[in-house]
Amino acid sequence: MKKRKALALFSGGLDSMIACRMMAEQGIEVIALHFDVGLTKINEERIEFLHSVAEQAHSKLEIVDIHDQFTKDVLFNPKYGYGKGFNPCVDCHGNMFKQAGDLLEKYDADFLISGEVLGERPMSQNAGALDKVLKLSGYEELIVRPMSAKLLEPSKPELKGWVDREKLLDIQGRQRTRQFELVEKYGFVNFESPGGGCLLTEKFFATKMEDLLKHDDYAKEDAVLLKYGRHFRLPDGAKLVLGRDHDENTIFRSSDFEKYFKIETADGLKGPLSILSKYATKEDSLLATKIILTYSKADKDKEYAIAIGNEKFSNQSFDSKNDVIKFLLG
Ligand code: SF4
């Protein structure tokens, strides 16, 4: 009999690990697709983690960059709205299944799976939401949800016997007791809590995104800014972002920005790498230099020159960080 192959939506969370491992236990080859929507934290450490959890799930990890497509088709116009943050989870899941379905041929795979659990998340995994996800995907018949399959209509892979439905589960709700029993059974040693890693679900991220959309159009380069830094909105409308530590300064320094100036602090002065909208007025630019100096090792009584684009501004820091709180976002 032909060895079946499944493509999995693989967040790296426990449910997706269990779902993949259950398929692998049935002798099904699993490719764990981790979709990068561009706004999640994917650095080297995260990639290493994803490889490790995919390995424990006996699956092969593939990271698929769908940033542009997700931004264009899903992020700003979700049919089923947002969760508590800026997270369009129902549309996002539907879209991931669609993207995965479009990859079936490339990977010579037969069907799709996910770690969705009926009733685990109030907005995106109630019975109605699971149905909406199926319809949005365009691959309704080919989707198996191993964690809750026995509570759902049988899918084609189950009806055809590609997957043994009897070995699938009937988990529902937010209690994770059964998942932890399976952690024991499969000997998982390294896994994360649900929802980890998606900035879209975080309140501070939604605040920054909402602020951005009030003043500007979202562009790809904004993804880096929204993920990192200390954010200020200045009185004439410019955006100022300060790197909070060496790592963030390095990320900003190595990123390309078209809409923003990169600003180094004055020669020899230790401070953040800062980003300022190119449309900043003179007043906002001057204020930006004062804020930058306030977050640097500047001597309060001394004036420093800071270059923004081709212009130079001389300024002193504020007396205290309390003076800049009113411009701070989030
Ligand atoms: S948590 Fe983030 S990545 Fe996951 S479905 Fe929701 S929006 Fe998409």
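Atoms considered below: every heavy atom in the structure, side chains included; atoms not considered: hydrogens, waters and symmetry mates. Whatever order the structure lists ligands and atoms in, that order sets their numbers, starting from 1.
Rounded to the nearest 0.5 angstrom, Arg233 CZ and His215 NE2 are separated by 4.5 Å.
Atom 6 (Fe) of ligand 1 has an N, O or S atom of Cys89 under 2.8 Å away, backbone or side chain.
Set against the non-hydrogen atoms of Met96, the atoms of ligand 1 under 4.0 Å away are 3 (S), 8 (Fe).
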Name every donor-acceptor pair, under 3.5 Å, that has one atom in a side chain of residues 182-190 and the other anywhere in the protein, sequence neighbours excluded.
unit_1 : atom_1 : unit_2 : atom_2 : d
Asn190 : ND2    : Ser52  : OG     : 3.1

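Here atom 5 (S) of ligand 1 lies nearest to Cys92 when heavy atoms of Cys92, Cys198, Gly94, Pro78 are compared.
Heavy atoms of Thr201 come nearer than 4.0 angstrom to ligand 1 in at least one pair.
The minimum heavy-atom distance between Asp256 and Glu221, with the atom names listed, is O-CB, 3.9 Å.
Within the structure, ring pair (Phe, Tyr, Trp, His ring centres under 6.0 Å) contacts touching residues 19-78 (residues at least two apart or in different chains) are Phe76-Tyr218.
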